[in-house]
Each structure stands twice: as structure tokens, then as C-alpha cells.
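The chains referred to below are lettered A, B, ... by the order of the sequence lines, with proteins before strands, and numbering in each begins at 1. Note that these values count all heavy atoms, side chains included, but never hydrogens, waters or copies made by symmetry.
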There are 2 protein chains.
Amino acid sequence: MNRSRTRAPAGVNLPALRHHNAALVLDLLRAAGAEGISRLELAEGTGLTPQAVSKITARLREDGLAAGAGLRPSTGGKPRTVLRLVPDAQFAVGLHLDRDGLTAVLVDLAGRPVAVTTAPLDLGAPAERVLADAADAVRDLCAAEPHKPVLGVGVAVPGPLDHRDGVLHRVTGFPRWDGYPLRAALAERTGLPVVLDKDTNAAALALALGGAGGGDFAYLHLGTGLGAGLVLGGEVHRGARTGAGEFGHQTLQLDGPLCGCGGRGCIEALCLAAEARGDRGEAARVLGTGAANLVGLLDIDRVVLGGRTVAADEDAYVRGVRAVIEERAARGGAGAGVTVTVAGGGDRPVAEGAAQLVLAPVFGRIGEEKRVGEEKEDRG
Amino acid sequence: MNRSRTRAPAGVNLPALRHHNAALVLDLLRAAGAEGISRLELAEGTGLTPQAVSKITARLREDGLAAGAGLRPSTGGKPRTVLRLVPDAQFAVGLHLDRDGLTAVLVDLAGRPVAVTTAPLDLGAPAERVLADAADAVRDLCAAEPHKPVLGVGVAVPGPLDHRDGVLHRVTGFPRWDGYPLRAALAERTGLPVVLDKDTNAAALALALGGAGGGDFAYLHLGTGLGAGLVLGGEVHRGARTGAGEFGHQTLQLDGPLCGCGGRGCIEALCLAAEARGDRGEAARVLGTGAANLVGLLDIDRVVLGGRTVAADEDAYVRGVRAVIEERAARGGAGAGVTVTVAGGGDRPVAEGAAQLVLAPVFGRIGEEKRVGEEKEDRG
DNA sequence: TGCACTTTGGCAACAGCGTTGCTTAAGTGG
DNA sequence: CCACTTAAGCAACGCTGTTGCCAAAGTGCA
């Protein structure tokens, strides 16, 4: 009786099944990239029969989402036909609303950016103004690929927010946005579906789909603050209220120095203080200790570092974090085989990840259950 | 190309769809308990049409898994027929192998124990001996409900292990078990399917299904050591190598006192040291700080405490942990509305949770994807 | 008491899914 | 040139949930 509320209705009928399997095939096509993938490999990857894959791919080709891409060398019989995703069949817009700037990007189905816009932005300005700027950026980008369907707009924002409702909370430093229904407002302005998420989650999603291996991982963003994006089981973990990933204010030093949040011994405070006094080794060690805690708690495969502070000296941070994790693993603790890397690419991955928020359902990554029994609106 | 390995083949065909929907209905029937649930409520809960629910429940009734249970009062028309789960249609065995004792329980489909056995056990004894004791306990319990199908045996064990392979790792204090394929060995002995998991995960699963509300939560077990079981998105989070939940050796005090694991400032060391010197308030504060970290990182709804050390003074621990979380929430951090409770029931929930490891797939909770394309063995 | 109305739930027909059995296409190798 | 191998489509099929319709079983007012 109580669980019926906590679990979304997940009954599956035939259209939902069809959509699910098609998304699965599309996901494999995307992962295969430009080199493509054969029908039999798709069958193996999905667990479906080759005949079912043939039917599904035939539909995808009819819809213009897939196309043939040559033949494999024969292995003694008829050579396999290679299929590939048609990346420019559909597009999505990614928007990164930061404290001082706006980055907008139009990506194709493969996630590759085909147009990028950056502009200064004052998050402290009236909502109408910010909204207008954002809507303008979306309109300009859509003009880059006229007559091609744009699936929607993904928006990445710094502060706390609710991914489900698309409502902002107290964006740090900009209390005016508290309770603002950004998703609904932007959807009305643009006439497109809008998805809202935290910037760290968008970055994590971009990394999860960015080719650099699968597995569970944590993206740790160290800029003026410290936050995390978690990918567990191949999906972004947001928690019930999109609050997951509050990494900066984890206590790492009981009764430690006071932090801006009012707590004591927060990772963020310790890390930034060390960085401020020039002790980058200590900053990396603090970050690494927090990362090692996370690795042990969630049993993740990799840690990815990003943000301006890390970018200032990537090597030092990677080595420092890696050292702490490896030391703990060597003692018999968790963390053996965990890789530590940097995200690279500056802030653009955030905007691209925001666009992936829109693309994810197409490939069956998230938001699947919302479609059951609903009719999709078709917008041109 | 790389993602095909990280993601299990999830293609869905018609038998899989049928099983999925039937499991969904069974889950709602279980949640409804003895008071039952009507077809229309099932339809609303699953998102399927009433007619589909009628077909599915008809099959369940034929299989003896569901039965009628009276009528609802009429609301102006034909009264609804109430359906309920038939709990004693099938059973499952739960085994809790602890360092010094063995608890075995036979539960029905509703998760209620119908027979319990406890016996002393020496985990340091030869594997043959431990295995024989476990198999005997299983045989004795099965005799309690003869001629009724037993779905399998769930086994909860303290140390690190691999849930997927069913292989033990270095069980703390008992290095001999390292690499022992307990699942396969016990499956051969008993002739039943066996599922292996950590004791904290089993306890968490029992709590997740134990009626006390849904939502994501963490079970923190403080006994001779400190571990955690995480339930995220309604399912137990194990991580890729079943390593998730290593909570005791999270660093909470940089350069703090040395821990038995070789690290410094581990929660476990700080907490148990405070407890040893009689400072229970400090022990609770340490535990609460770790819990607050976890609440912020994962955005969970509740924290459940358990274990012998907590049981010695439940009030002190609950109040202490709650105080830390509420203080952080009051400052504007995460944790508003998070409840802190104790598990209660001593160690028996672990054995019951172990049995739930076997029942979970029946209700579509976990291990769904393994069934696609495979034929289930039927054992009587 | 009887009739109108509401609500439940099953029967029958149906569209559409992946599967199976078979055929055709398109290569390699002796 | 022929035997063999492998890939991929066609047709028939079983089974899914859905739809349209109707019987069953109540309530409530005349």
C-alpha cells in the first residue's frame, strides 16, 4: 500500500516493449559510432533474435535513424551488413546557465556538437531577462539546422533544484531563484520539451556517454566550490529530491576549521584553504581522501576530476588523489583498480551533458517509465 | 563497443514481458498484505488496463499464488472483488552465517518466518564442516513445510564477497575462506538455487520490504565493526564488485588515531574508541556525522541503525545521530525530513533478509535481466 | 416492488510483438 | 563449377495487452 507511491507504474505493454527494444538497439548503434555494427552483433548485444533485430532496424531505417554503412569482410559466407546511426536525423539543445555566463550547444544524435554559442549572463538579473537570453540562444541554435527536428532543451544549472518538477531551489548566491519553475517557463517560451538538472550531473552524464569506458564513477568538480555527479548502474544518481552529490560539505575533519556553510571540517573548506595558501599537495590529499571514502562506500570504478581549480594543475590533483586511493587499496581496503582521470574540455562538457539529458530517453537511458501509456507529442 | 559489456543484454521478448508484469502485480499484492487489493487498484498501480490485470490475476490464481478475499463495500455499483497473495504457496530459506553462530529461517511468500533454527557455528572450522551444518539446517527447515516448493536459499555472510559469482573473499578474521565458491558448493549440497550476499545488504533488503515506508535509505550496522547497506531507487546498491557499503573505514578525521585497517581517523575506530571509554554521546556524534555525510551525498530519506552496540543503548544513538543530521539541515544543508530509527529484532532480520534475496526476483525487485532468454529450472 | 443507473469484470475479436521454419542472397574454398 | 558457409528476409505462428461489448451485481429513487 505504501510502496505503490514510491514506485512508478511500470506495467509494460506492447508499444512500450517496442520502444524499449528500439532504444536498446539505438544505444548500441550510438556506442558503435562511425564504424557501425552488424545485425548479428546487435542481436548478441540485446539478447534478441537476429530476426527481431532485422525488423527493428528496418523500422529505424524507415524513420531515417539508421542506415547501412558497407560490409564486413566475409568469414566464409555472406558478409555482414554494417549499420550505423544517422547522427543528423535529430538534434538536441544543451544549455549551461552559469553564474556569469551562458553556453549553448546544438548536438546531433551522436552527441557531437554542431553549433556552439557563448554569451555573458548575469544570473542575478530578473528572471524575465535571463529567460529571454536563454530562449534567444535556443532559437539561434535551432536555426543552424533548419527543417530538422529538435527533440528538446536540456538545462544545466549550478544550484540545488528539483529535476522532476524542473523547479529551482536556493541557487547559491542567488536566492531570488528559489521556487522558480524554470522548466515550465522555458518550455513555454521555446515550445520545446525542457529537462533541468544540476551542472555536475550534466557533466557526469556527458562523461558516462563520452566513450571513456563504462562502469560506475564519480565526477568531482572543484571550482569555486566542490560538488559531485554520481553515475551508478550506468545512470545518474540524483536521489529522491535531486539532492545527491553534495560532496563539498562532507565532514572530513571532526571539529575542523569553520566552513562557509556553518559546519566544521568540510572537504570544500579544507581543500580550498590548502589551495589558497599554496599547498596544492595537501589540497589534493584532502580531495583524494574524500574520493577514497566515496570509492569505498559506493564501489565505483573510476574517479574523474574537473573544474577550474583542478584545471590549474591537473597533474598534481590526479597524482594526489590517486595516491590516497592506491594507498588505501594497498592496505587491503577498497579501491584496487580504480582509475583517476581529468575530464578536460573546460566547461563545454556541461552544456553537452545538458543536451544528453534530452537524448538519454531516446537511447533508453533514463525516464523510460514516464512513457508507459502516454502519447508522445510530436513537434516539428 | 565498450558499453555492451557493462550493460547486461536487456532485450525484452513476450515471455519476459509477461513475467515482468506478473511480478509487478505480485509485488502490489504483497504490499497490500492480508487486507488485499482490488483489480482496479492493481490496474492503477501498474498502469495496465483492467482487462490485462484480470488476465494476469487469473493466471496467478490458477498457479495458486493469488486468491479472492471478499468484497469491498459498493460505491454505487458492483462491489470490487479483493485479491490477496497466498503466502504459503511457496517458501524460501534464509541463512545467516555469522562468526559464532548460524541462524536459519524458512519464510513464506509474504516474508513471514514460519520456522527458525539457531545453532552455534565456528566459521574457523573446515569448509566441509560449515557447509554440512548449513545444509543440515536447510534440510531441517524444508521438512517443516513438506510438499511445498522451496524457491531457494539466500545466504548472508559478514565479510567481503562477490554477489554475482557467489564467491567469498577475505572474510575478516577468517582468511581461509578467501576465494571459496560458497554458492556453488551449497547449491550442489542442497539441490536448490543459492544466492549470496553481505549481511548488511540482507538486513537492508529486509528493511526495504518490511513495511516501514519506502524510499531510499541506509542501514548502518554497528557491532564489533561498522558497515552499511544501501538501498537506492528501491534496490540494494552493491556496486560492481559487491564492495559497496564499506562505511566503517571512511575517513572522518584527517590524520586521526590509527585504525586496525591501517588507516587514520576511520569512523569505526573513532566510534568504537569513544564507546570503549564510555563516551556514548561522542560515539553517537561520530556515527551521526558519518550518517550526515551519507545523507548529503546520496540524498536518502531515512537512516536505520542496528547492531549489538546500538542495541545496548538505542535511544542515545538515535538521538545523537538525529541531532547531527538535524543540525546540518537547520544550517541549510541536506537532511531535512530525514528520519532516524533503529532496526530492532536483533539478528533475525538478517536471516529474513537473506530469504528475501531469493524472493526478490519473484516480485520483480532484482535480477530481472538474468531471466531474459533463459529457461528456469524447475525444482520441486 | 420495480426500474434506471453505476460499477465491476469477463468474453471475443484484434493489432502487434518477437519467434520459428524455411528460403534466398552472397560470399569462400576445393 | 560445385559444395559449403553465413547473412538476412518472408510467412506463419503463438502470445501479449487492448478494445468493444455485454452480463453480473450492487445502489437509489419513484
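In this structure, the nucleotide among C/dG18, C/dA26, C/dA13 sitting nearest to the side chain of A/A52 is C/dG18. Of the candidates D/dA8, C/dG10, D/dT19, C/dG10 carries the atom nearest the B/S54 side chain, counting heavy atoms from C-beta on. Of the candidate nucleotides D/dA25, D/dT6, C/dG18, D/dA25 has the atom lying nearest to any side-chain atom of B/K78.
When the side-chain nitrogen and oxygen atoms of A/N21 are compared with OP1 and OP2 of C/dC17, none of them lie within a distance under 4.0 Å. The phosphate of C/dG18 has neither OP1 nor OP2 within less than 4.0 Å of any side-chain N or O from A/T49. Side-chain nitrogen and oxygen atoms of B/N13 include none within less than 4.0 Å of the OP1 or OP2 phosphate oxygen of C/dC17. Residue A/R18 has no polar side-chain atom (N or O) positioned under 4.0 Å from OP1 or OP2 of C/dA15. Of the side-chain N and O atoms in B/T81, one or more sit less than 4.0 angstrom from OP1 or OP2 of C/dG9.
From B/H163, atom NE2 reaches atom CG of B/N201 across 8.5 Å, with rounding to the nearest 0.5 Å. Rounding to the nearest 0.5 Å gives a distance of 7.0 Å between CG of B/L28 and OG1 of B/T46. Atom CG in B/L151 sits 9.0 Å away from atom CG in B/L192 (nearest 0.5 Å). With rounding to the nearest 0.5 Å, the separation of CG in B/L232 from CG in A/L298 is 7.5 Å. To the nearest 0.5 Å, atom CG of residue B/L24 and atom CG of residue B/L29 are 10.5 Å apart. Considering CG of A/D88 and CD of A/Q90, their distance stands at 10.5 Å, rounded to 0.5 Å.
For B/P79 and A/K55, each mapped to the nucleotide of DNA chain C holding its nearest heavy atom, the one lying further toward the 5' end belongs to B/P79. Where A/T75 and A/L17 each meet DNA chain C at their nearest nucleotide, the meeting point lying more 5' is that of A/L17. Where A/P15 and A/S38 meet DNA chain D, the nucleotide closest to each residue was compared, and A/S38 sits on the side nearer the 5' end.
If you take CD1 of A/I56 and P of C/dG16, they are 16 Å apart, rounded to a whole angstrom. Atom P of nucleotide C/dT24 and atom CD of A/Q51 are separated by 15 Å, given to the nearest angstrom. The distance between atom CZ of A/R80 and atom C1' of C/dA25, rounded to the nearest whole Å, is 16 Å. Counting to the nearest Å, the P atom of D/dT6 and the CD atom of A/E41 are 15 Å from each other. Atom P of nucleotide D/dA24 and atom CZ of B/R39 are separated by 16 Å, given to the nearest angstrom. One interatomic measurement links the two molecules: CZ of A/R72 to C1' of C/dT28, which rounds to 18 Å at whole-angstrom precision. Nucleotide C/dG10 holds its C1' atom 12 Å from the CZ atom of B/R61, rounded to whole Å. As a whole-Å value, the separation of B/L40 CG from D/dG26 P is 16 Å.
The residue B/R59 sits close only to the backbone: its heavy atoms come under 4.0 Å of sugar-phosphate atoms, none of a base. Using a 4.0 Å heavy-atom criterion, one finds that A/L14 contacts the bases of the nucleic acid, with or without backbone contacts as well.
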